[in-house]
Amino acid sequence: MDMVFVILGLIGGLALFLFGMDLMGDGLKKLAGGKLESILARLTSNRWTGLLLGFVVTAVIQSSSATTVMLVGFVNSGIMNLGQTISIIMGANIGTTVTAWLLALKDIEGAAFINLLKPENFTPVLAAIGVIITMTTKSDSKRNIATILLGFSVLIFGMEAMSDAAETFKDNERFKNLLVMFSNPLMGIIVGTIFTAIIQSSSASVGILQVLVGSISIQHAVALPVLLGMNIGTTITPIISAISGNTEAKRVAASCLYIKMIGVIVVTAIYYLLYYFGIKPIVNFMLSDASFFSIAITHTVFNIISTIILMPFCALIEKLAISTIRGAKKDEKKNNTFDTLDERFLNIPSFAVEKCRELVCDMAKLSAYSFNAATELMSDYSDAKFKEIMEHEKLVDKYEDKTSSYLVKIAANNMSAKDSKIVTELLHCIGDIERISDHAVNIAEVAQEMHDKGISFSTQAQKDIKIITEASAEILELATSALTEEDISIAAKVEPLEQVIDRLKRKIKANHISRLKQGDCTMELGFILSDLLTNYERVSDHCSNIAVCIIEISLDSFETHEYLKNVKESHDHSFEEMYQTYKEKYAI
């Protein structure tokens with residue numbers, strides 16, 4: 001019965017350990033805010049830069065599996081190519097050893113102030129600080145720091161619980177006999193591979209191995225093969241991630257596997273060859289007991305040696321992956337615009353949000369282009385340009401569908417307050433951007449109708465239309481710039497101009513009625529003019545919605561009508577000055 005409680009203690013400690021590692025990783029990712037991922041996606045033209053970035057990113061987010069899954073996503077979406085990932089994977093392999101060094105602090109012995117560096121001694125303080133920060137602050141970055149502290153504390157508490165439970169096996173003969181079989185290199189590698197493949201984290205599995213060697217006397221002859229197997233087992237995560245990817249994504253996963261397997265085979269062959277020939281330092285090491293520090297050192301040395309050996313052969317590893325994973329020609333097609341909305345990026349909300357922002361900005365520019373092209377048709381009709389506007393409308397609709405769906409998926413994840421604001425802003429703006437494209441189509445259809453019927457506006461009407469067209473083009477440019485540059489000072493210029501466009505619409509309609517009474521215009525042209533002016537006004541309304549959304553989100557609220565009411569009723573001289581400037585600029 002006692003053994004049942006011991007096993008339950010091990011399971012509970014393992015659960016806390018894995019949960020703490022996951023919690024700490026989430027906090028680190030949020031604190032990084034997607035910046036490291038963005039840098040990783042852009043600055044990888046140089047092999048050594050890639051190695052360094054792979055190390056830094058993995059050391060920060062504490063997971064080589066997460067880094068390699070990112071790389072699978074980058075390649076699958078066309079952000080990177082296979083060759084750029086090889087050195088990054090090697091850097092990630094070194095970066096993942098940082099966790100083992102943090103846990104190795106447990107082995108520190110010495111004076112009282114030195115013992116303070118032992119995790120079990122300072123962890124309660126970190127946990128207390130984390131709880132206090134969580135309960136007292138609303139700052140997103142401070143909460144992320146608190147999450148990291150709490151995650152690390154839970155991890156250490158879990159490690160302690162496992163250590164206490166594992167102490168029971170210290171004098172258990174059956175358990176010792178079980179460990180002997182792992183001294184067979186092949187068996188140890190297989191066990192290490194399977195165990196790490198199950199929990200999908202080499203950092204966690206190596207940490208668990210450290211706990212075992214810290215509680216039970218285990219020789220390096222037993223621990224080393226298991227440790228080598230753990231390095232192979234961590235490749236299961238990118239392999240699973242690449243299953244749904246394209247050929248290039250599968251090749252990234254294959255590269256991860258080859259780098260680990262070749263490293264293990266080469267290092268194992270060299271090590272055991274030296275052991276077989278009785279090289280004394282190697283024999284002494286193999287027969288000595290492992291410790292927290294020795295596992296951390298061995299883990300780091302293995303990955304550094306593997307990287308040194310394999311770094312000159314990056315191109316050959318790439319060729320090996322290509323020759324192994326052969327894709328059909330249709331799989332080698334140019335990447336789609338929407339491939340950047342990869343499901344793998346949902347685990348990195350900040351990066352996923354940034355990709356959505358880029359697409360929404362592209363969508364806004366496309367709608368603005370369609371509007372300007374449609375207004376040009378009024379004076380210079382072209383069937384080719386009309387068809388182009390129609391094709392752009394279909395593409396904008398696709399942007400709206402794909403991006404909105406992806407943003408909803410991101411919103412379902414645990415995000416930072418900043419990312420949550422951006423998602424809210426983008427979801428509100430997408431609909432307005434799509435409607436601008438619809439109005440561009442309406443204007444193009446008006447131009448087509450007039451062309452087909454061979455009718456045209458009077459000279460004065462054409463002058464009036466030119467003025468409101470220029471005003472509408474400017475407000476659209478302001479709204480697009482405010483969105484792409486995230487500039488609320490530009491956004492503030494939109495509403496005064498929107499008021500001027502409303503005034504222009506009323507003025508142009510009044511002028512038309514005057515011409516109609518004088519017989520200078522017809523009822524048919526009046527209906528066409530009214531339809532045209534309505535589309536101009538609606539475009540300016542949607543630009544206003546976009547600008548107000550940007551301003552309100554930055555002010556941490558979202559009361560559009562309240563904002564517009566306050567702006568119009570307040571004695572804001574800057575608003576009045578801008579209104580008068582635009583009124584004079586677009587006077588009829």
Side-chain angles (χ1 to χ4, degrees), residues 78 330 333-341 356 358-406 429-458 461-481 483-484 501 505 508 522 524-543 545-546:
K330 64 178 182 180
K333 68 181 186 304
K334 188 178 179 181
N335 289 90
N336 190 285
T337 302
F338 305 105
D339 283 343
T340 53
L341 304 180
C356 284
E358 290 173 7
L359 286 180
V360 172
C361 290
D362 289 343
M363 179 185 175
K365 291 173 184 175
L366 193 61
S367 290
Y369 173 83
S370 293
F371 174 82
N372 291 325
T375 57
E376 288 173 8
L377 290 180
M378 296 298 300
S379 57
D380 184 20
Y381 183 81
S382 161
D383 282 328
K385 187 166 283 188
F386 181 85
K387 288 178 182 176
E388 182 186 28
I389 292 167
M390 293 302 170
E391 288 300 316
H392 282 177
E393 160 60 12
K394 292 178 184 176
L395 184 55
V396 168
D397 286 344
K398 195 171 182 181
Y399 266 98
E400 181 192 30
D401 177 49
K402 297 282 188 182
T403 311
S404 297
S405 300
Y406 194 73
C429 291
I430 284 173
D432 288 299
I433 294 169
E434 192 277 330
R435 290 298 295 145
I436 290 170
S437 178
D438 289 341
H439 291 301
V441 169
N442 293 343
I443 293 169
E445 288 173 344
V446 168
Q448 185 186 51
E449 180 185 357
M450 294 183 69
H451 176 265
D452 291 345
K453 291 181 178 180
I455 57 178
S456 62
F457 292 116
S458 65
Q462 288 179 25
K463 290 180 180 178
D464 292 348
I465 291 169
K466 182 181 178 183
I467 291 172
I468 196 171
T469 298
E470 289 173 353
S472 298
E474 181 170 352
I475 197 172
L476 188 52
E477 183 182 355
L478 287 172
T480 304
S481 297
L483 177 65
T484 55
I501 291 171
K505 178 190 173 185
I508 293 170
T522 65
E524 182 182 19
L525 284 170
F527 287 126
I528 293 174
L529 179 62
S530 178
D531 189 21
L532 187 64
L533 292 176
T534 298
N535 281 292
Y536 280 129
E537 183 196 26
R538 295 283 167 78
V539 166
S540 71
D541 288 342
H542 290 301
C543 289
N545 291 342
I546 293 169

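Just the heavy atoms: all of them, side chains too, but no hydrogens, waters or symmetry mates, feed the values below.
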- request: Rounded to the nearest 0.5 Å, what's the gap from CG on Asp432 to CD on Glu400? Could you check?
  value: 10.0 Å

- line: Value for CD (Glu358) from OG1 (Thr340), rounded to nearest 0.5 Å, stands at 7.0 Å

statement: Smallest heavy-atom separation, Met378 atom then Leu532 atom, equals CE-CD2, 3.8 Å

- prompt: Among Asp362, Val360, Ile433, which residue meets the side-chain contact (heavy atoms from CB on, under 4.5 Å) test with Thr403?
  reply: Val360

- line: On a heavy-atom basis, the closest approach of Leu476 and Ala368 is CD2-CA, 3.5 Å

message: Among residues at least two apart in sequence or on other chains, which ones pass side-chain contact (heavy atoms from CB on, under 4.5 Å) with Thr469?
response: Thr375, Ile465, Tyr536

task: List for me each residue that meets side-chain contact (heavy atoms from CB on, under 4.5 Å) alongside Ser456, sequence neighbours excluded, and say none if there are none.
output: Gln462

Donor-acceptor pair, side chain of Ser530 and main chain of Gly526, under 3.5 angstrom: no

field: Gap between atom SG of Cys429 and atom CD1 of Ile436 - 0.5 Å precision
entry: 9.5 Å

- prompt: Taking all non-hydrogen atoms of both residues, which atom of Phe371 and which atom of Ala473 are closest, and how far apart?
  reply: CE2-N, 4.1 Å

query: Any chance CD of Glu477 has more than 12 other-residue heavy atoms, nucleotides or ligands included, within less than 6.0 Å?
result: no

- prompt: Looking at Asp531 and Val446, what are the two nearest heavy atoms and their distance?
  reply: OD2-CG2, 3.7 Å

task: List the atom of Ala479, the atom of Cys543, and the distance in Å for their closest heavy-atom pair.
output: CB-CB, 3.8 Å

field: Audit row: Ser370, Val441, side chain to side chain contact (heavy atoms under 4.5 Å, CB included) steps and yes/no
entry: CA-CA 8 Å; Ser370 293; Val441 169; over 6 Å; no

field: Separation between CG of Leu377 and CD of Glu445, rounded to the nearest 0.5 Å
entry: 11.0 Å

- request: Applying salt bridge (Lys or Arg N to Asp or Glu O under 4.0 Å), name anything that partners Asp438, two or more places apart in sequence or on another chain.
  value: Arg435

message: Measuring from atom OG1 of Thr480 to atom CG of Leu366, what distance do you get when rounded to the nearest 0.5 angstrom?
response: 11.0 Å

Under 3.5 Å, which donor-acceptor pairs link side chains of residues 382-397 to any protein atom two or more places apart or in another chain?
unit_1 : atom_1 : unit_2 : atom_2 : d
Ser382 : OG     : Ala384 : N      : 3.3
Ser382 : OG     : Lys385 : N      : 3.3
Asp383 : OD1    : Tyr381 : OH     : 3.0
Lys385 : NZ     : Glu376 : OE1    : 2.8
Glu388 : OE1    : Tyr369 : OH     : 3.3
Glu388 : OE2    : Tyr369 : OH     : 3.3
Glu393 : OE1    : Ser437 : OG     : 2.5

- request: Mark yes or no for whether Thr484, through its side chain, and Ser481, through its backbone, hold a donor-acceptor pair below 3.5 Å.
  value: yes

statement: So ring-ring contact (aromatic ring centres under 6.0 Å, His included) across residues 429-450, not counting sequence neighbours, yields His439-His542

field: Shortest non-hydrogen separation from Ala364 to Leu483 and the atoms involved
entry: CB-CD2, 4.0 Å

message: Can you tell me if Lys505 has over 12 outside heavy atoms packed within less than 6.0 Å of its NZ?
response: yes

- request: Would you give the length of the straight line joining atom CG of Leu478 to atom CD1 of Ile546, rounded to the nearest 0.5 angstrom?
  value: 11.5 Å

- prompt: Under the side-chain contact (heavy atoms from CB on, under 4.5 Å) test, which residues partner Ile455, sequence neighbours left out?
  reply: Met450, Lys453, Glu524, Leu525, Ile528

